[in-house]
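In each ligand, atom 1 is the first atom listed, and ligand 1 is the first ligand listed.
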Amino acid sequence: MGEKILLDCDPGHDDALAILLAAGDPRSELLAITTVAGNQTIDKVTHNARAVCTVAGVSGVPIARGAAAPLVREAIIAPDYHGESGLDGPALPEPTVPLDPRAAAELIVETVLAHEPGTVTLVPTGPLTNIALALALEPRLAERVKGVSLMGGSYTRGNRTPAAEFNILADPEAAAAVFAADWPVTMVGLDLTHQALADDAFRGRVRELGTPLAGFVEDLLGFFTTAYARRGFPAPAVHDLCAVAAVLDPGVLTYREAFVTVELAGRWTTGMTVTDFDGLLGRPVNTRVAVSLDRDRLWDMAVAAIARLGRPAPAAG
Ligand code: RIB
Ligand code: CA
(Lines give C-alpha, C1' and ligand atoms only; values in the text may rest on other atoms or scores of the structure.)
(Ligands and ions follow the chains in the order given, each with its own letter.)
Protein backbone atom coordinates (compact mmCIF):
# COMPACT_ATOMS: atom_id res chain seq x y z
CA MET A 1 0.00 0.00 0.00
CA GLY A 2 1.02 3.63 -0.32
CA GLU A 3 1.83 6.48 2.01
CA LYS A 4 -0.66 6.42 4.89
CA ILE A 5 -2.09 9.92 5.22
CA LEU A 6 -4.49 11.55 7.67
CA LEU A 7 -5.61 14.90 6.24
CA ASP A 8 -6.73 17.58 8.74
CA CYS A 9 -8.25 20.42 6.75
CA ASP A 10 -10.51 23.49 6.54
CA PRO A 11 -11.97 23.32 2.98
CA GLY A 12 -11.23 25.81 1.50
CA HIS A 13 -10.47 25.70 -2.21
CA ASP A 14 -6.89 24.52 -1.87
CA ASP A 15 -7.88 22.04 0.84
CA ALA A 16 -10.32 20.56 -1.67
CA LEU A 17 -7.45 19.97 -4.11
CA ALA A 18 -5.44 18.42 -1.27
CA ILE A 19 -8.31 15.98 -0.66
CA LEU A 20 -8.36 15.05 -4.37
CA LEU A 21 -4.60 14.41 -4.48
CA ALA A 22 -4.61 12.42 -1.22
CA ALA A 23 -7.56 10.36 -2.45
CA GLY A 24 -6.59 10.03 -6.10
CA ASP A 25 -2.84 9.51 -6.22
CA PRO A 26 -1.95 5.80 -6.44
CA ARG A 27 0.96 6.34 -4.02
CA SER A 28 -1.47 7.51 -1.32
CA GLU A 29 -3.55 5.60 1.22
CA LEU A 30 -5.95 8.20 2.63
CA LEU A 31 -6.83 6.82 6.05
CA ALA A 32 -9.07 9.62 7.35
CA ILE A 33 -10.11 13.24 6.96
CA THR A 34 -10.65 15.56 9.92
CA THR A 35 -11.92 19.11 9.79
CA VAL A 36 -11.02 22.22 11.72
CA ALA A 37 -12.52 25.71 11.77
CA GLY A 38 -10.36 28.01 9.70
CA ASN A 39 -11.30 29.28 6.28
CA GLN A 40 -14.87 29.08 7.46
CA THR A 41 -16.82 27.82 10.48
CA ILE A 42 -16.57 24.19 11.51
CA ASP A 43 -20.05 23.43 10.20
CA LYS A 44 -19.23 24.86 6.77
CA VAL A 45 -15.78 23.28 6.36
CA THR A 46 -17.12 19.91 7.52
CA HIS A 47 -20.00 20.12 5.04
CA ASN A 48 -17.49 21.09 2.34
CA ALA A 49 -15.16 18.17 3.09
CA ARG A 50 -18.07 15.76 2.78
CA ALA A 51 -19.31 17.49 -0.40
CA VAL A 52 -15.86 17.25 -2.04
CA CYS A 53 -15.69 13.53 -1.21
CA THR A 54 -19.20 13.12 -2.65
CA VAL A 55 -18.29 14.83 -5.92
CA ALA A 56 -15.05 12.86 -6.18
CA GLY A 57 -16.64 9.52 -5.35
CA VAL A 58 -14.39 9.10 -2.32
CA SER A 59 -16.02 6.61 0.03
CA GLY A 60 -14.95 4.50 2.98
CA VAL A 61 -12.71 7.28 4.34
CA PRO A 62 -13.91 8.36 7.81
CA ILE A 63 -14.55 12.11 8.09
CA ALA A 64 -14.67 13.57 11.60
CA ARG A 65 -15.57 17.05 12.73
CA GLY A 66 -12.98 18.90 14.78
CA ALA A 67 -12.41 22.07 16.72
CA ALA A 68 -14.87 24.92 16.27
CA ALA A 69 -12.43 27.43 17.79
CA PRO A 70 -8.73 27.84 18.56
CA LEU A 71 -7.28 26.68 21.89
CA VAL A 72 -7.44 30.06 23.60
CA ARG A 73 -8.07 32.84 21.08
CA GLU A 74 -11.10 34.08 19.14
CA ALA A 75 -11.63 32.32 15.81
CA ILE A 76 -10.72 34.09 12.57
CA ILE A 77 -12.09 33.06 9.15
CA ALA A 78 -11.20 33.88 5.53
CA PRO A 79 -14.39 34.56 3.50
CA ASP A 80 -12.44 37.06 1.44
CA TYR A 81 -10.53 34.14 -0.13
CA HIS A 82 -13.04 31.31 0.07
CA GLY A 83 -16.46 32.98 0.16
CA GLU A 84 -19.39 32.65 2.53
CA SER A 85 -19.68 28.88 2.03
CA GLY A 86 -15.94 28.35 2.33
CA LEU A 87 -16.01 26.77 -1.12
CA ASP A 88 -17.75 29.35 -3.33
CA GLY A 89 -17.72 28.76 -7.08
CA PRO A 90 -18.83 25.20 -7.77
CA ALA A 91 -22.32 23.90 -7.07
CA LEU A 92 -21.91 21.66 -4.03
CA PRO A 93 -24.01 18.49 -3.84
CA GLU A 94 -25.68 17.42 -0.66
CA PRO A 95 -23.08 15.11 0.91
CA THR A 96 -23.79 11.40 0.66
CA VAL A 97 -20.74 10.35 2.68
CA PRO A 98 -21.43 10.00 6.43
CA LEU A 99 -19.94 12.00 9.26
CA ASP A 100 -17.95 9.86 11.69
CA PRO A 101 -19.32 10.21 15.24
CA ARG A 102 -15.87 10.67 16.77
CA ALA A 103 -14.27 14.05 17.38
CA ALA A 104 -11.30 14.81 15.15
CA ALA A 105 -8.73 14.45 17.93
CA GLU A 106 -10.12 11.02 18.80
CA LEU A 107 -10.02 9.87 15.18
CA ILE A 108 -6.47 11.17 14.78
CA VAL A 109 -5.25 9.26 17.86
CA GLU A 110 -7.17 6.08 17.06
CA THR A 111 -6.00 6.08 13.45
CA VAL A 112 -2.33 6.52 14.35
CA LEU A 113 -2.43 3.92 17.15
CA ALA A 114 -4.21 1.45 14.85
CA HIS A 115 -1.26 1.36 12.46
CA GLU A 116 2.36 0.26 12.78
CA PRO A 117 4.52 2.90 14.49
CA GLY A 118 6.20 5.21 11.99
CA THR A 119 3.77 4.59 9.14
CA VAL A 120 1.14 7.35 9.34
CA THR A 121 1.81 10.94 8.22
CA LEU A 122 -0.39 13.73 9.53
CA VAL A 123 -1.07 16.40 6.91
CA PRO A 124 -2.66 19.46 8.52
CA THR A 125 -3.72 22.12 5.99
CA GLY A 126 -5.64 24.40 8.34
CA PRO A 127 -5.14 25.80 11.84
CA LEU A 128 -3.34 23.25 14.03
CA THR A 129 -5.94 23.04 16.80
CA ASN A 130 -6.90 19.39 16.22
CA ILE A 131 -3.27 18.30 16.07
CA ALA A 132 -2.49 20.02 19.37
CA LEU A 133 -5.60 18.50 20.96
CA ALA A 134 -4.59 15.05 19.73
CA LEU A 135 -1.10 15.51 21.22
CA ALA A 136 -2.69 16.44 24.55
CA LEU A 137 -5.11 13.49 24.34
CA GLU A 138 -2.34 10.96 23.60
CA PRO A 139 1.23 11.96 24.50
CA ARG A 140 2.51 8.84 22.67
CA LEU A 141 1.25 10.35 19.40
CA ALA A 142 4.54 12.09 18.58
CA GLU A 143 6.59 8.91 18.78
CA ARG A 144 4.05 6.87 16.82
CA VAL A 145 3.68 8.96 13.64
CA LYS A 146 5.96 8.89 10.62
CA GLY A 147 5.84 12.68 10.51
CA VAL A 148 3.83 15.86 10.05
CA SER A 149 3.69 17.65 6.69
CA LEU A 150 1.91 20.92 7.42
CA MET A 151 0.85 23.77 5.21
CA GLY A 152 1.51 26.85 7.27
CA GLY A 153 3.92 29.57 8.23
CA SER A 154 6.53 31.42 6.25
CA TYR A 155 10.20 32.27 6.71
CA THR A 156 9.74 35.64 5.06
CA ARG A 157 6.37 37.37 5.08
CA GLY A 158 2.86 36.48 6.22
CA ASN A 159 -0.45 36.75 4.39
CA ARG A 160 -2.80 37.63 7.26
CA THR A 161 -0.40 40.08 8.86
CA PRO A 162 2.99 41.14 7.53
CA ALA A 163 4.51 38.56 9.90
CA ALA A 164 1.96 35.73 10.15
CA GLU A 165 0.44 33.20 7.79
CA PHE A 166 -3.27 32.44 8.28
CA ASN A 167 -3.13 28.82 9.55
CA ILE A 168 -0.53 29.67 12.18
CA LEU A 169 -2.09 32.97 13.24
CA ALA A 170 -5.52 31.34 13.57
CA ASP A 171 -4.19 29.25 16.48
CA PRO A 172 -0.59 30.19 17.37
CA GLU A 173 -0.65 28.29 20.67
CA ALA A 174 -1.57 25.10 18.83
CA ALA A 175 1.10 25.75 16.23
CA ALA A 176 3.74 26.34 18.91
CA ALA A 177 2.85 22.96 20.46
CA VAL A 178 3.14 21.21 17.09
CA PHE A 179 6.60 22.64 16.35
CA ALA A 180 7.74 21.91 19.94
CA ALA A 181 6.69 18.26 19.92
CA ASP A 182 9.33 15.60 19.31
CA TRP A 183 8.36 14.46 15.81
CA PRO A 184 9.56 15.10 12.24
CA VAL A 185 7.88 18.25 10.93
CA THR A 186 7.96 19.45 7.33
CA MET A 187 6.86 23.09 7.04
CA VAL A 188 5.32 23.87 3.65
CA GLY A 189 4.97 27.61 4.04
CA LEU A 190 4.07 30.55 1.86
CA ASP A 191 7.61 30.84 0.51
CA LEU A 192 6.97 27.50 -1.18
CA THR A 193 3.25 27.66 -1.86
CA HIS A 194 3.40 31.04 -3.59
CA GLN A 195 5.35 29.15 -6.27
CA ALA A 196 2.27 26.91 -6.79
CA LEU A 197 0.09 29.35 -8.71
CA ALA A 198 -2.65 27.41 -10.54
CA ASP A 199 -2.28 29.19 -13.87
CA ASP A 200 -4.12 28.79 -17.18
CA ALA A 201 -1.71 26.04 -18.29
CA PHE A 202 -2.71 23.89 -15.32
CA ARG A 203 -6.40 24.80 -15.60
CA GLY A 204 -6.33 23.92 -19.28
CA ARG A 205 -4.98 20.44 -18.51
CA VAL A 206 -7.77 19.91 -15.97
CA ARG A 207 -10.42 21.20 -18.37
CA GLU A 208 -9.22 18.78 -21.07
CA LEU A 209 -10.12 15.84 -18.82
CA GLY A 210 -13.74 16.66 -19.58
CA THR A 211 -15.19 14.84 -16.57
CA PRO A 212 -17.73 16.19 -14.05
CA LEU A 213 -14.97 16.26 -11.42
CA ALA A 214 -12.78 18.29 -13.78
CA GLY A 215 -15.68 20.71 -14.19
CA PHE A 216 -15.97 20.97 -10.40
CA VAL A 217 -12.26 21.78 -10.12
CA GLU A 218 -12.54 24.36 -12.91
CA ASP A 219 -15.40 26.12 -11.11
CA LEU A 220 -13.43 26.00 -7.88
CA LEU A 221 -10.34 27.49 -9.51
CA GLY A 222 -12.42 30.09 -11.30
CA PHE A 223 -13.60 31.57 -8.00
CA PHE A 224 -10.17 31.19 -6.41
CA THR A 225 -8.52 32.97 -9.36
CA THR A 226 -10.78 35.97 -8.89
CA ALA A 227 -10.11 36.04 -5.15
CA TYR A 228 -6.35 36.08 -5.72
CA ALA A 229 -6.53 38.55 -8.61
CA ARG A 230 -7.97 41.06 -6.13
CA ARG A 231 -4.63 40.81 -4.34
CA GLY A 232 -2.56 41.22 -7.45
CA PHE A 233 -1.77 37.55 -7.98
CA PRO A 234 -1.75 36.33 -11.62
CA ALA A 235 -3.21 32.99 -10.42
CA PRO A 236 -4.29 31.43 -7.09
CA ALA A 237 -1.79 29.73 -4.79
CA VAL A 238 -2.96 26.16 -4.19
CA HIS A 239 -1.12 25.99 -0.87
CA ASP A 240 -2.49 22.77 0.62
CA LEU A 241 -1.87 20.63 -2.46
CA CYS A 242 1.86 21.10 -1.79
CA ALA A 243 1.72 19.65 1.73
CA VAL A 244 0.22 16.41 0.37
CA ALA A 245 2.64 16.32 -2.58
CA ALA A 246 5.58 16.55 -0.15
CA VAL A 247 4.48 13.23 1.37
CA LEU A 248 3.74 11.37 -1.88
CA ASP A 249 6.76 12.60 -3.87
CA PRO A 250 9.28 14.31 -1.57
CA GLY A 251 11.44 15.16 -4.59
CA VAL A 252 8.79 17.60 -5.84
CA LEU A 253 10.20 20.06 -3.28
CA THR A 254 13.64 20.96 -1.96
CA TYR A 255 14.22 21.65 1.72
CA ARG A 256 16.47 23.33 4.26
CA GLU A 257 16.70 22.35 7.92
CA ALA A 258 15.92 24.93 10.62
CA PHE A 259 14.80 25.54 14.16
CA VAL A 260 11.24 26.87 13.95
CA THR A 261 9.11 28.26 16.75
CA VAL A 262 5.99 30.43 16.85
CA GLU A 263 5.84 33.94 18.27
CA LEU A 264 3.00 34.18 20.83
CA ALA A 265 3.56 37.59 22.44
CA GLY A 266 4.61 39.96 19.69
CA ARG A 267 2.54 43.12 19.45
CA TRP A 268 2.98 43.06 15.65
CA THR A 269 4.46 39.60 15.12
CA THR A 270 2.18 37.12 16.91
CA GLY A 271 1.79 34.00 14.75
CA MET A 272 5.13 34.46 13.03
CA THR A 273 7.03 31.22 12.36
CA VAL A 274 10.45 32.32 13.54
CA THR A 275 12.76 30.29 11.27
CA ASP A 276 16.41 29.91 12.25
CA PHE A 277 18.39 28.33 9.40
CA ASP A 278 21.76 29.32 10.91
CA GLY A 279 21.68 28.18 14.56
CA LEU A 280 21.59 31.79 15.74
CA LEU A 281 19.28 30.89 18.64
CA GLY A 282 21.37 27.92 19.70
CA ARG A 283 18.37 25.61 19.42
CA PRO A 284 18.43 22.17 17.73
CA VAL A 285 16.95 21.74 14.27
CA ASN A 286 13.29 20.63 14.55
CA THR A 287 11.85 21.30 11.08
CA ARG A 288 12.46 20.54 7.41
CA VAL A 289 11.45 23.75 5.62
CA ALA A 290 10.29 23.52 2.00
CA VAL A 291 12.05 26.11 -0.15
CA SER A 292 11.61 25.32 -3.87
CA LEU A 293 9.00 23.56 -6.00
CA ASP A 294 9.11 21.49 -9.17
CA ARG A 295 5.85 22.98 -10.42
CA ASP A 296 5.46 20.80 -13.52
CA ARG A 297 5.82 17.68 -11.36
CA LEU A 298 3.16 19.04 -8.98
CA TRP A 299 0.72 19.72 -11.82
CA ASP A 300 1.38 16.24 -13.27
CA MET A 301 0.45 14.67 -9.91
CA ALA A 302 -2.67 16.81 -9.51
CA VAL A 303 -3.99 16.24 -13.05
CA ALA A 304 -3.37 12.49 -12.79
CA ALA A 305 -5.22 12.28 -9.47
CA ILE A 306 -8.21 14.25 -10.77
CA ALA A 307 -8.26 12.07 -13.89
CA ARG A 308 -8.09 8.87 -11.81
CA LEU A 309 -10.91 9.94 -9.47
CA GLY A 310 -13.09 11.33 -12.20
CA ARG A 311 -12.91 8.25 -14.40
CA PRO A 312 -16.44 6.87 -14.80
CA ALA A 313 -16.89 3.62 -12.85
CA PRO A 314 -16.49 0.52 -15.07
CA ALA A 315 -19.83 -0.76 -16.38
CA ALA A 316 -21.22 -3.53 -14.18
CA GLY A 317 -21.20 -7.08 -15.57
O1 RIB B 1 -2.49 30.73 4.27
C2 RIB B 1 -2.99 29.73 3.42
C3 RIB B 1 -3.67 28.66 4.21
O4 RIB B 1 -4.77 29.22 4.92
C5 RIB B 1 -4.27 27.56 3.32
O6 RIB B 1 -4.28 26.35 4.03
C7 RIB B 1 -5.67 28.03 3.11
O8 RIB B 1 -6.57 26.96 2.82
C9 RIB B 1 -5.99 28.62 4.45
O10 RIB B 1 -6.35 27.55 5.31
CA1 CA C 1 -6.41 25.18 4.33
- Item | Numbering as shown, the atoms of ligand 1 that approach Asn167 to under 4.0 Å (heavy-atom distance) | 3 (C), 4 (O), 5 (C), 6 (O), 9 (C), 10 (O)
- Task: With heavy atoms of Asp14 as the reference, note each atom of ligand 1 found under 4.0 Å away.
- Result: 5 (C), 6 (O), 7 (C), 8 (O)
- Note on the structure: Honestly, for Asp15 the part within reach of ligand 1 (heavy atoms, under 4.0 Å) is side chain
- Task: Examine the proximity of ligand 1 to Thr125 and report which part, side chain or backbone, both or neither, has a heavy atom under 4.0 Å away.
- Result: backbone
- Task: Determine, using the 4.5 Å side-chain heavy-atom cutoff (strictly less than), whether Phe166 and Met151 are members of one ILVMFWY cluster.
- Result: no
- Message: Distance alone, cut at 3.5 Å: any donor-acceptor contact between the side chains of Ser149 and Thr186?
- Response: no
- Message: Can you confirm whether the side chains of Arg144 and Thr119 place a donor and an acceptor under 3.5 Å from each other?
- Response: no
- Item | Option passing side-chain hydrogen bond (donor to acceptor under 3.5 Å, both in side chains) with His239 (candidates Thr125, Thr193, Asp14) | Thr193
- Could you tell me the separation between the CG atom of Leu6 and the OG1 atom of Thr111, rounded to the nearest 0.5 Å? 5.5 Å
- Any N or O of Asp240 closer than 3.5 Å to N or O of ligand 1: yes
- Query: Does a side-chain N-to-carboxylate-O contact under 4.0 Å join Glu173 and Arg73?
  - Reply: yes
- Task: Could you tell me whether Asp100 and Arg65 make a salt bridge, using a distance below 4.0 angstrom between a side-chain N and a carboxylate O?
- Result: no
- Out of His13, Arg203, Arg207, which residue meets the side chain to side chain contact (heavy atoms under 4.5 Å, CB included) rule with Leu221? Arg203
- Task: Go around the Ca ion (ligand 2) and count every protein N, O or S atom nearer than 3.0 Å.
- Result: 5
